[in-house]
Amino acid sequence: MDLSGLNESQRAAVCCIEGPLLVLAGAGSGKTRVITHRIAFMLERGIRPESIVALSFTNKAADEMRERLEKMVGKRARELFMGTFHSLGVRMMRARPADFGVPKKFSILDQGDVYGMIRSILRDEGIHYAGADRRFDPGAIVQRISLWKNDFITPAQATDPMRIESDYDEIAAEVYGPYEERLASLGAVDFDDLVCRIARTLRDSESAREHWQGRFSHVLVDEYQDTNKAQFEVLRELVGARQNLCVVGDDDQAIYGWRGAKVANILGFDMYFPSARTIKLEENYRSRAPILECANSVIVNNQGRHDKVLLPQRGGGEPVTEVLAEDGPQETNWVTSRIRRLIKEEGVPGHAIAVLYRSTRQARAVEERLQEHGLAYRVLGGQAMYDKKQVKDALAYLKTMIYPSDEIAVRRAMNVPSRGIGAKTLERLLAHASVRRISLMDAIHNAERVEGITGRARTGLQRFSELIRFAQSRMHASGSAGLALRELLDRIALRDHVMREVGSAEAAAHRWSDVERLLGSVERFEQRARESKKKSRSKRPRWNEFFGSMAIDRDKDKKSDDESSGRGQITLATMHSAKGLEWPVVFIIGCEEGIMPHKRVDAPRISDAIAGDVEEERRLFYVGITRARDRLFLTRATSRVERGRQIKRLPSRFLEELPDSVERYDISTEESLTVEKIESMADAFLAKLALAREAGEEEAKRRRSSRR
DNA sequence: CTTGCTCTAGTTAGG
DNA sequence: CTAGAGCAAG
């Protein structure tokens with residue numbers, strides 16, 4: 001194998017295939033190259049592809065890795081397991097459901113289903129989760145339960161008074177137990193179960209452990225700094241005594257502590273695996289020196305980290321620019337016109353430019369200005385396609401047609417668009433169904449026999465029942481669920497429903513296009529099933545697979561979308577979703593106290609008690625900086641309109657950690673400021689101030705506060 | 001049961 | 001300023 005394209009430490013990381021290995025891969029240090037070369041090297045050394053597991057955090061990352069590997073080793077790349085922890089979990093649970101205490105056909109709840117369940121528990125337990133007196137955001141509860149599950153804290157332990165620190169802990173602990181019970185009674189698991197059940201089973205069952213340790217001999221993990229406790233346990237049990245575990249990551253890019261990731265996993269890797277080797281990749285092939293200088297000088301201010309720096313491998317480069325605006329509109333205006341200039345005058349393609357920000361809401365203003373300028377852009381992140389309401393509605397109908405026993409789907413579909421079926425009616429139906437041991441859908445088909453259902457609800461149920469029967473008969477007649485779903489959606493005029501729900505025709509058309517995409521992927525799935533039928537003679541498409549992969553690979557249809565939408569687009573992204581990506585030109589907007597670091601992580605400003613959170617914000621800023629290849633602009637405003645009022649804004653403390661080589665530009669005075677200029681201005685100002693003080697003028701104090 | 005009004009709170013994301 | 005949720009009225 002040809003390793004000549006790699007530097008010394010990269011080569012070391014590729015060739016060290018036995019025993020525990022920690023690869024500390026700085027931003028832009030050729031991490032993916034190392035991983036793919038390493039797998040290719042392992043295959044060359046005769047390790048069977050089926051016994052290799054390569055894990056990452058997103059499907060996209062896994063797919064890209066597989067593509068790159070396929071270029072190196074060909075079809076064999078398809079034989080090894082490459083995917084997310086969650087998809088590994090699904091695969092293991094499907095292979096041996098009994099080991100994990102789940103039914104053969106378990107279903108996977110998505111975020112929306114979980115929310116719905118938490119809401120209904122809150123209602124049933126009589127907890128006012130929102131309102132004037134006490135408010136409990138279901139989202140915060142879901143998040144707590146998720147954190148507990150990943151830390152192996154049981155419902156009983158969660159209610160321990162010693163652990164409870166806030167109202168939220170108390171409420172969440174109260175809901176946690178019933179939540180787990182409901183999951184079990186539905187034969188369903190949530191996303192967290194896909195990981196922590198694996199960990200628990202491997203820990204507790206010797207036979208399961210032996211089976212899986214025999215199945216997999218070598219494990220690789222990318223983005224290791226983002227692993228949580230449950231994921232760590234899975235790894236530890238999976239690799240067993242052989243400890244053929246290679247983890248690749250960068251503690252300086254750990255930005256997911258708030259969702260349970262443990263930086264300790266990467267900081268203390270050699271504590272858990274004492275025989276571990278550590279290899280640092282510090283050569284940076286992405287960014288120009290001035291950008292890396294910024295990155296290095298910001299990140300050294302963090303305490304808990306592996307000691308390393310980014311060493312520039314590309315020469316030259318313009319200075320990084322810090323841009324000062326008077327207010328928000330001026331900031332976005334400047335950014336968009338600078339982008340326009342880059343594109344129109346300097347010949348930079350749109351896809352070479354990104355605007356990064358801390359929170360999604362900051363995108364809107366930029367979007368509006370870009371639209372005005374007629375510049376094409378795309379927004380990364382945001383709601384995943386399968387989380388969108390319209391798509392979920394359509395999907396609920398599809399599931400109802402195919403699996404009428406899927407209660408969650410039926411519940412959703414039955415009232416879209418509203419058919420006058422409310423909580424009371426549902427309750428009656430469920431009671432009826434449970435007494436007769438029939439499904440909710442069957443109870444609906446027999447609605448006229450259910451006690452107490454009258455008037456509007458009754459006719460609504462009748463219409464729904466007929467609709468489903470109609471769709472099912474169309475499906476059987478045509479042999480295509482996609483076609484039947486189209487007809488069904490047509491009948492209920494879902495399209496008009498979507499139109500009515502949103503204001504602008506444009507937004508509605510956009511929402512509807514997501515439904516079209518769903519229909520498209522249903523039809524493609526059926527097409528594939530028909531083709532493979534010739535070979536395998538299976539009677540029907542395996543819908544379980546389709547729905548399962550829908551919950552797991554939510555953005556598998558996104559890719560074609562990205563490609564079809566052209567290459568000229570500017571990218572708008574949060575710094576979180578920008579991780580792993582790069583652009584020649586990057587703008588980071590809103591570099592201010594309160595935004596970055598965000599005010600929520602920095603509540604007690606005087607005592608730096610929770611400095612860890614501020615350190616995570618600093619890492620996030622570091623991630624943002626290291627996305628830039630050639631040019632970097634950091635912008636901020638001195639005041640902003642917030643809740644209708646003009647508020648003064650202070651520069652982010654991170655800006656003050658930047659080196660002197662950074663150029664400063666003030667939009668309103670159109671002045672470029674170097675450090676020397678600022679210093680001479682400050683000197684002049686101080687001289688003036690001294691004069692004023694001598695004269696005993698009160699005004700001097702006011703001026704002092706307006707300085708910088 | 002639905003609709004429309006009023007109030008309030010307001011990170012970050014993925015499977 | 002907006003989105004989402006509760007609440008009161010139809």
Side-chain angles (χ1 to χ4, degrees), chain A residues 55-62 83-90 108-111 114-115 119 122-123 128-140 143 146 150 189-195 223 226 228 230-231 255-261 328 356-362 364-365 380-384 386-387 389 415 417-426 453-460 500 502-503 548-556 573-579 590 594-602 613 616-617 619-621 623-624 640-645:
Chain A
L55 297 169
S56 55
F57 275 80
T58 63
N59 289 303
K60 201 169 151 234
T84 61
F85 277 92
H86 296 87
S87 60
L88 177 69
V90 174
I108 303 164
L109 263 61
D110 63 36
Q111 192 78 61
V114 172
Y115 265 58
R119 271 203 202 94
L122 287 168
R123 240 189 295 276
H128 279 271
Y129 63 88
D133 46 343
R134 287 179 122 195
R135 43 199 153 266
F136 295 104
D137 168 21
Q143 194 185 19
S146 166
N150 283 301
V189 296
D190 62 19
F191 285 123
D192 301 317
D193 286 322
L194 295 176
V195 179
E223 304 284 8
D226 292 335
N228 63 28
Q231 287 159 336
I255 53 175
Y256 286 108
W258 51 272
R259 65 176 201 206
L356 308 182
Y357 36 83
R358 173 65 233 260
S359 62
T360 36
R361 49 170 29 176
Q362 292 173 265
R364 179 173 289 187
L380 285 194
Q383 244 181 349
Y386 295 110
D387 268 344
K389 191 175 167 295
N415 226 359
S418 343
R419 294 192 176 84
I421 307 157
K424 266 258 122 56
T425 308
L426 180 62
I453 293 180
T454 50
R456 219 161 16 164
R458 189 164 167 170
T459 49
R500 252 177 286 122
V502 293
S549 73
M550 185 132 294
I552 295 285
D553 326 320
R554 27 208 21 215
D555 54 8
K556 67 169 175 229
T574 61
M575 285 184 280
H576 281 96
S577 51
K579 189 163 79 147
I595 296 181
M596 206 172 51
H598 195 275
K599 56 177 179 289
R600 292 270 287 243
V601 305
D602 189 36
D613 291 341
E616 183 158 305
E617 296 285 302
R619 291 193 290 263
L620 187 58
F621 187 51
V623 167
R640 260 175 220 284
V641 177
E642 235 172 59
R643 282 193 267 182
R645 206 69 231 132

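Just so we're on the same page: letters track the sequence lines, and every chain starts at 1.
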(request) Quickly work out the A:Leu109 CG to B:dG15 P distance and round it to whole Å. (result) 17 Å
(request) Kindly confirm whether the side-chain ring of A:Tyr256 is stacked on the base of B:dT12, judged by centres under 5.5 Å and planes under 30°. (result) no
(request) Can you tell me the distance, in whole Å, between the CZ atom of A:Phe85 and the C1' atom of B:dG15? (result) 12 Å
(request) Determine the interatomic distance between P on C:dG4 and the same-named atom on B:dA13; round to the nearest Å. (result) 16 Å
(request) Counting heavy atoms from C-beta on, name the nucleotide in B:dA13, B:dG15, B:dT11 closest to the side chain of A:Thr574. (result) B:dA13
(request) Using atom CZ of A:Arg358 as one end and atom C1' of B:dA13 as the other, report the distance to the nearest whole Å. (result) 11 Å
(request) Go through B:dG15, B:dA13, B:dT11 for me and flag the one nearest to the A:Ser359 side chain. (result) B:dT11
(message) Checking contacts here: which listed nucleotide (B:dA13, B:dT11, C:dT2) is nearest the side-chain heavy atoms of A:Arg364?
(response) C:dT2
(request) Let me know the distance between CG of A:Leu356 and P of B:dA13, rounded to the nearest Å. (result) 12 Å
(request) Determine, answering yes or no, if A:His598 is stacked on B:dT11 under the 5.5 Å centre rule and the 30° plane rule. (result) yes
(message) Are the side chains of A:Val90 and A:Ile108 in contact, using a 4.5 Å heavy-atom criterion?
(response) yes
(message) Rounded to whole Å, please give me the gap between CG in A:Asp190 and C1' in B:dG14.
(response) 13 Å
(message) Nearest whole Å is fine: how far is B:dT11 P from A:Tyr357 OH?
(response) 14 Å
(message) B:dT12, OP1 or OP2 - any side-chain N/O from A:Thr360 closer than 4.0 Å?
(response) yes
(message) Contact between A:Tyr256 and A:His576 at the side-chain level, heavy atoms closer than 4.5 Å - yes or no?
(response) yes
(request) Could you grab the distance from atom CZ of A:Phe85 to atom CG of A:Asp226, nearest 0.5 Å is fine? (result) 10.0 Å
(message) Measuring from the side chain of A:Asn59 (C-beta onward, heavy atoms only), which nucleotide among B:dT12, B:dA13, B:dG15 has the closest atom?
(response) B:dG15
(message) Would you say that A:Lys579 contacts A:Phe57 through its side chain, given a criterion of any heavy-atom pair below 4.5 Å between the two side chains?
(response) no
(request) Report the distance from atom CZ of A:Arg361 to atom C1' of B:dA13, rounded to the nearest whole Å. (result) 17 Å
(request) Have a look at A:Phe57 and say if it touches a base, only the backbone sugar-phosphate, or nothing, with a 4.0 Å heavy-atom cut-off. (result) sugar-phosphate
(request) Specify the separation, in whole Å, of atom CZ of A:Arg619 and atom C1' of B:dA13. (result) 16 Å
(request) Side-chain contact test, heavy atoms from C-beta onward, threshold under 4.5 Å: evaluate it for A:Leu55 versus A:Thr84 and give yes or no. (result) no
